[in-house]
Chemist: 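This structure is in structure tokens; I'll ask about it shortly.
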Amino acid sequence: MARLFGTDGVRGVAGRDLTASLALDLSIAAARVLTRDSGSGRRPRAVVGRDPRASGEFLEAAVVAGLASTGVDVVRVGVLPTPAVAFLTGELDADFGVMLSASHNPAPDNGIKFFARGGQKLEDALEEEIEGMLGVPSTPAVGDQVGRVGEADDGAERYVAHVLASVPHSLKGLKVVVDCANGASTAVAPEALRRAGAEVVTIGDRPDGYNINEGCGSTHLEVLQEAVLLHGADAGIANDGDADRCLAVDADGRVVDGDQILAILAAEAKDEGRLAKDTLVVTVMSNLGLKLAMEREGIAVVETAVGDRYVLEEMKRGGFGLGGEQSGHVILLDHATTGDGVLTGLHLLAAMAHRRQGLAELAKVMTRLPQVLINVPDVDRSRVKDSEELWSAVRAAEAELGETGRVLIRPSGTEPKVRVMVEAPGQEQATAVAERLAAVVRSALG
């Protein structure tokens with residue numbers, strides 16, 4: 001039986017894969033697992049938030065009903081970013097939190113993500129326990145044991161005040177375009193930027209329940225690029241639907257990706273003595289140019305498997321404060337328990353203000369090497385590890401590229417495909433090597 005939880009909660013098409021009954025059952029199972037250590041001083045409490053998808057309304061109702069039926073008091077915080085719900089879980093001393101969102105996915109999708117006490121992501125073992133509890137009979141709460149449902153009207157204000165308290169420099173003098181992806185950051189990202197001192201132009205700020213991520217946000221940066229040029233802004237910031245990602249655009253409309261943002265933030269933090277252990281945590285998919293740049297800056301780089309949860313696990317294990325992914329998941333562990341697009345944007349712009357440099361100038365801290373990714377479908381991904389033909393070709397490619405290039409072969413976690421990624425000093429060489437290795441994957445594993 002396939003595992004219900006993916007790398008970021010439970011997701012699917014709302015109403016078909018993610019039904020009201022599943023949401024109800026999941027919330028009951030989660031309550032049983034996540035309130036075991038609540039103690040007897042008070043009734044367990046959960047924070048519940050969502051992004052503005054229309055399906056979030058019925059899914060939220062199901063989750064709230066399930067939690068209250070088990071005796072959990074529910075604090076509804078409304079439409080807020082995922083990192084805001086994580087923060088409020090800790091701020092309101094809740095036993096756990098629930099976020100309804102499918103992040104950067106289109107509007108028909110939705111998802112349920114749980115946070116443990118303090119707004120921490122769940123470990124795999126806890127997710128497996130919740131799955132194991134699905135359908136297991138339980139005694140419902142009755143009478144005065146039934147959970148109560150209330151609202152936290154000041155959730156957005158608490159979150160904005162929290163992220164602003166972390167910003168080391170005023171943004172006064174900067175003009176910024178922020179794209180809210182018609183998503184969860186609409187009410188908080190522009191407000192935080194204005195209160196930090198920036199002049200703000202807002203786009204993607206009219207969510208109607210169906211237009212989240214549609215032609216806007218971090219998955220459609222061309223809209224932000226045009227707006228930055230149109231308004232003569234110093235920079236543009238793009239969030240995704242639940243605002244746990246941040247990508248940027250410089251004054252000339254060029255994209256600044258997650259690797260470049262990490263490089264800028266790491267260099268700035270090291271210069272100010274704020275980079276824990278002078279170390280940055282990234283995934284194996286980060287551009288080799290980031291690693292080379294960090295070597296020049298005297299910053300160690302620790303690599304993890306792909307996925308922000310693995311980055312976060314390594315950061316906690318090693319006592320590191322900064323990490324993230326090329327996709328724009330940036331984790332500032334001193335201020336957040338998860339990736340936070342609003343927080344990341346504020347700190348990126350603060351670096352611009354502090355150094356009195358444009359984003360294009362700051363991004364020169366690293367040179368992105370040409371990167372080619374080829375997905376090879378309909379092959380036996382289980383044979384990757386033991387294919388001598390494939391690894392012989394990989395060794396030959398690595399010898400050709402030397403220290404200025406890189407090869408990564410990754411079996412897909414869910415589909416019969418293998419990903420071939422090659423970085424090289426030049427685009428032509430990267431493409432040629434990637435295509436050659438893709439052909440070997442087809443012949444060896446097909």
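Hydrogens, waters and symmetry mates are skipped; everything else that's a heavy atom, side chains included, is used.
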Chemist: Table please: side-chain donor-acceptor pairs of residues 437-446 below 3.5 Å, with sequence neighbours left out.
Modeler:
unit_1, atom_1, unit_2, atom_2, d
S443, OG, E389, OE2, 3.2
S443, OG, A439, O, 3.4
S443, OG, V440, O, 3.0

Chemist: Hydrogens and angles aside, do T82 and D244 bring a side-chain donor and acceptor to less than 3.5 Å of each other?
Modeler: no
Chemist: Among all residues two or more places apart in sequence or in another chain, which pass the side chain to side chain contact (heavy atoms under 4.5 Å, CB included) test with F5?
Modeler: R3, V10, L26, F114, E127, I130, E131
Chemist: Restricting to side-chain hydrogen bond (donor to acceptor under 3.5 Å, both in side chains), what partner residues turn up for R158, sequence neighbours left out?
Modeler: E91, D154
Chemist: Restricting to pairs with a member in residues 69-79, which pass side chain to side chain donor-acceptor pair (under 3.5 Å), not counting sequence neighbours?
Modeler: R43-D73, E60-R76, R76-E151
Chemist: Check whether the side chains of D242 and S103 place a donor and an acceptor atom closer than 3.5 Å, and report yes or no.
Modeler: yes
Chemist: Which residues satisfy the ring-ring contact (aromatic ring centres under 6.0 Å, His included) test with Y159, sequence neighbours excluded?
Modeler: none
Chemist: Salt bridge between E398 and R395, side-chain N to carboxylate O under 4.0 Å?
Modeler: no
Chemist: In terms of side-chain heavy atoms, does T186 have a donor or acceptor partner in D205 at a distance below 3.5 Å?
Modeler: no
Chemist: Any chance CZ of R274 has more than 12 other-residue heavy atoms, nucleotides or ligands included, within less than 6.0 Å?
Modeler: yes
Chemist: Any side chain to side chain donor-acceptor pair (under 3.5 Å) involving residues 259-270? Give me the pairs, sequence neighbours left out, ordered by first then second residue.
Modeler: D259-S286, D259-Q326, E268-H354, E268-R355
Chemist: Quiz question: by atom type and distance under 3.5 Å, do the side chains of H347 and S166 form a donor-acceptor pair?
Modeler: yes
